[in-house]
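Shown next, in structure tokens, is the structure this report addresses.
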Protein chains: 2
Amino acid sequence: MTKYEPDLSRLFHALADPTRRAMVTRLARGPAPVSDLAEPTGLRLPTVLRHLAVLEEAGLITSAKDGRVRTCAIVPESLAPARSWIDEQRALWEDRFDRLDAYVTQAMRETET
Amino acid sequence: MTKYEPDLSRLFHALADPTRRAMVTRLARGPAPVSDLAEPTGLRLPTVLRHLAVLEEAGLITSAKDGRVRTCAIVPESLAPARSWIDEQRALWEDRFDRLDAYVTQAMRETET
DNA sequence: GCTATAGTTAGCAACATGACTAAGTATGAA
DNA sequence: TTCATACTTAGTCATGTTGCTAACTATAGC
């Protein structure tokens, strides 16, 4: 089962910023150089680079340099742990209601004459 | 389509902390008073209260006071926006590959004698 | 080789976060 | 009424985050 999960923290933290989410969305459509990612943000390059570093440390993107251009790309399935955690919570919740339901059903049965 | 979404930022931010995730997991099993939530964390009450406030501001939990006990409960479906965003990214990604695939298929067809 | 382009590094300021202690309030029980 | 319980509020502190500017490096094109 789920244990320490510092990676989940980094993943969710990376996604908690609108600029970074926009970058992920952009990269979901295909790889792009740093400048292209910076352009729509209105932020300076060093700032953009920090955001990219956060995304990379979270495992959401990779990047490689070719000549003087660094191209970034999304890492497929990197969102899977986040999705799984969310699904787990829903499962716990539903399980709880199933049991509540069973309890109520049982109680009603016992109330019957 | 998705636009500003400051709520998504708050949601992901709230989930970016292991203590808070543990609280959500605990509450997924059923409501609990503040003290019960505090106990396994090893944290002081004021700290726990701040975490709960973050969760509440993110819309993940609700709480109500009965006598001197405040009982917290999870808000069902509050994770839905996070889940949707993640699914959207995957959809974009898959769409991109469908198109890549179509392109390659087309290219191969044109290469055929 | 010179120059423009595309990143990169270093360092700083402002604010946010997560923990704490100390002191206060409100309620249930004796 | 008195006391313990269950928060609650206020205030502090260390650290982390997000933005910036300035100065630097490396490569492509002429």
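What you see is a predicted model, and the numbers here were worked out from it, not measured in a lab. So that the names make sense, note that chain A is the first sequence line, chain B the second, and so on, each numbered from 1.
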Legend entry - side chain to side chain contact (heavy atoms under 4.5 Å, CB included) partners of B:Pro76, counting only residues at least two apart: A:Trp93

Legend entry - Nucleotide of D:dA6, C:dG18, D:dC20 approaching B:Ser35 most closely (side-chain heavy atoms): D:dA6

Legend entry - Qualifying residues under salt bridge (Lys or Arg N to Asp or Glu O under 4.0 Å), relative to A:Glu57, sequence neighbours excluded: none

Legend entry - Pairwise salt bridge (charged side-chain N to carboxylate O under 4.0 Å, His left out) hits with a residue in residues 61-87 of chain A, at least two apart: A:Glu77-B:Arg90, A:Arg83-A:Asp87, A:Arg83-B:Asp87, A:Asp87-B:Arg83

Inset, instruction - Using side chain to side chain contact (heavy atoms under 4.5 Å, CB included) as the criterion, list what pairs up with A:Arg50, not counting sequence neighbours. - result: none

Inset, instruction - Applying side chain to side chain contact (heavy atoms under 4.5 Å, CB included), name anything that partners B:Thr71, two or more places apart in sequence or on another chain. - result: B:Pro31, B:Val69

Legend entry - Value rounded to 0.5 Å, distance of CG in A:Asp17 from OG in B:Ser9: 6.5 Å

Legend entry - Non-hydrogen side-chain atoms of A:Val75 and A:Leu60 separated by less than 4.5 Å: no

Sub-3.5 Å pairs of nitrogen or oxygen atoms, protein against nucleotides 10-17 of chain D:
none

Legend entry - side chain to side chain donor-acceptor pair (under 3.5 Å) partners for B:Glu94, two or more places apart: none

Inset, instruction - Please check the phosphate of C:dC20 (OP1 and OP2 only) for any side-chain N or O of B:Thr47 closer than 4.0 Å. - result: yes

Inset, instruction - May I have the distance from A:Leu49 (atom CG) to C:dG11 (atom P), rounded to whole angstrom? - result: 17 Å

Inset, instruction - Using atom CG of A:Leu37 as one end and atom P of C:dT8 as the other, report the distance to the nearest whole Å. - result: 12 Å

Legend entry - Atom pair distance, as rounded to whole Å: CG in A:Asp17 and C1' in C:dA16: 13 Å

Legend entry - Closest to side chain of A:His51, choosing from D:dT18, C:dC20, C:dT8: D:dT18

Inset, instruction - Send over the distance from B:Arg44 CZ to C:dT21 P, rounded to a whole Å. - result: 4 Å

Legend entry - Sub-4.0 Å heavy-atom contacts from residues 55-73 of chain B onto DNA chain C, ordered by number: B:Gly67, B:Arg68

Inset, instruction - Round to a whole Å and report the spacing from CE of B:Met23 to P of C:dG18. - result: 11 Å

Inset, instruction - Using side chain to side chain contact (heavy atoms under 4.5 Å, CB included) as the criterion, list what pairs up with B:Thr47, not counting sequence neighbours. - result: B:Leu43, B:Arg44, B:His51

Inset, instruction - Calculate the interatomic distance between A:Leu45 atom CG and D:dT18 atom P; express it in whole Å. - result: 17 Å

Inset, instruction - Round to a whole Å and report the spacing from CG of B:Leu43 to P of C:dT17. - result: 17 Å

